[in-house]
Amino acid sequence: MEAKSVDSKTFQLAENGQPLGELIYESLLSLSAKIILSNSEFYEIEHIGIFDTSINVTKNGAVIATLKMNWRGQIVFNFHDGQEFILKAKGLLGNKFTFENHSDEQLFQLDSQLNWKKLNYNYNIIFTDKPQNILLILLGVYAANYYMASMSGAMA
């Protein structure tokens with residue numbers, strides 16, 4: 001599975017050429033985005049707080065999850081049904097990310113690849129066990145982008 005940056009604001013998730021969903025940012029420097037799944041489910045991602053320290057994921061106006069970076073540089077996903085996940089940066093340059101459940105079991109890995117010509121990232125997604133929740137995968141792509149923007153100082 002792969003998430004490809006098709007322009008400066010849009011990532012398309014596909015497997016074997018079949019589209020599974022999209023992550024679309026409001027603007028180039030915005031943390032606000034939306035996720036549209038292939039079954040037409042729609043989610044909004046909005047930062048909250050004066051320093052963009054928390055991020056809400058909503059569906060039909062109701063908050064379903066909150067994302068927050070902890071002091072170890074990990075992004076914690078707290079779903080309102082009690083599920084918790086963590087995205088951890090790996091590798092020397094922080095270009096690989098693991099998505100784990102609350103028991104530290106790896107669900108999938110995101111390997112980022114920088115496209116130097118377009119100055120954007122694509123992700124190869126490697127699963128521990130198949131299949132996975134498409135929303136979680138696109139939230140993982142969002143969180144990896146958020147992490148890289150945070151570490152590079154690109155967020156205003």
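The figures here come from the full heavy-atom set of this structure, side chains too, leaving out hydrogens, waters and symmetry mates. Count residues from 1 along the sequence.
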Quick one: pull up [atom1] in [X] and [atom2] in [Y] and give me the separation to the nearest 0.5 Å.
X	Y	atom1	atom2	answer
Ile36	Gln12	CD1	CD	10.5 Å
Ile48	Leu67	CD1	CG	10.0 Å
Asn133	Phe108	CG	CZ	9.0 Å
Leu110	Met1	CG	CE	11.0 Å
Leu138	Leu37	CG	CG	6.5 Å
His47	Ser54	NE2	OG	11.5 Å

- [ ] Might you work through the side chain to side chain donor-acceptor pair (under 3.5 Å) test for Gln83 and Asp81, ending with a clear yes or no?
- [x] CA-CA 6 Å; Gln83 294 183 81; Asp81 63 1; 2.9 Å; yes
Task: Closest contact, heavy atoms only, Ser5 versus Asp7 - done: OG-O, 2.9 Å
TODO: Of all the heavy-atom pairs spanning Glu46 and Ser32, show the shortest one and how long it is.
DONE: CA-OG, 4.2 Å
Quick one: do [X] and [Y] end up in the same hydrophobic cluster if we chain Ile, Leu, Val, Met, Phe, Trp and Tyr together by side-chain heavy atoms under 4.5 Å apart?
X	Y	value
Phe79	Val141	yes
Phe85	Leu135	yes
Phe77	Met148	yes
Ile24	Leu31	no
Ile75	Ile86	no

- [ ] Could you list all the salt bridge (charged side-chain N to carboxylate O under 4.0 Å, His left out) pairs where at least one residue sits in residues 56-73, not counting sequence neighbours?
- [x] Glu41-Lys59
Open item on the list: Keeping Thr66 on the side-chain end and Asn78 on the backbone end, is there a donor-acceptor pair under 3.5 Å?
Closed with: no
TODO: Give the intermediate values and the outcome of side chain to side chain contact (heavy atoms under 4.5 Å, CB included) for residues Glu15 and Leu20.
DONE: CA-CA 7 Å; Glu15 183 170 36; Leu20 302 172; 4.0 Å; yes
Open item on the list: Assess the residue pair Ile45 and Leu139 against the criterion (side chain to side chain contact (heavy atoms under 4.5 Å, CB included)); give the C-alpha distance rounded to whole Å, side-chain angles, the decisive distance to 0.1 Å, and a yes or no.
Closed with: CA-CA 9 Å; Ile45 304 170; Leu139 285 174; 3.9 Å; yes
- [ ] Start with the C-alpha distance between Tyr123 and Ile137, add both sets of side-chain angles, then the distance that settles side chain to side chain contact (heavy atoms under 4.5 Å, CB included), and finish with yes or no.
- [x] CA-CA 11 Å; Tyr123 295 94; Ile137 295 166; over 6 Å; no
Please set out all donor-acceptor pairs under 3.5 angstrom arising from side-chain atoms of residues 97-107, sequence neighbours excluded.
{"from": "Thr98", "atom 1": "OG1", "to": "Glu100", "atom 2": "OE2", "distance (Å)": "3.3"}
{"from": "Glu100", "atom 1": "OE1", "to": "Lys88", "atom 2": "NZ", "distance (Å)": "2.9"}
{"from": "Asn101", "atom 1": "OD1", "to": "Ser103", "atom 2": "N", "distance (Å)": "2.9"}
{"from": "Asn101", "atom 1": "OD1", "to": "Asp104", "atom 2": "N", "distance (Å)": "3.3"}
{"from": "Asn101", "atom 1": "OD1", "to": "Glu105", "atom 2": "N", "distance (Å)": "3.0"}
{"from": "Asn101", "atom 1": "ND2", "to": "Glu105", "atom 2": "OE1", "distance (Å)": "2.7"}

Open item on the list: Going by ring-ring contact (aromatic ring centres under 6.0 Å, His included), name the pairs with one or both residues in residues 18-45, residues two or more places apart or in two chains.
Closed with: Tyr25-Tyr142
Open item on the list: In the structure I gave you, are the side-chain heavy atoms of Asn122 and Glu2 within less than 4.5 Å of one another anywhere?
Closed with: no
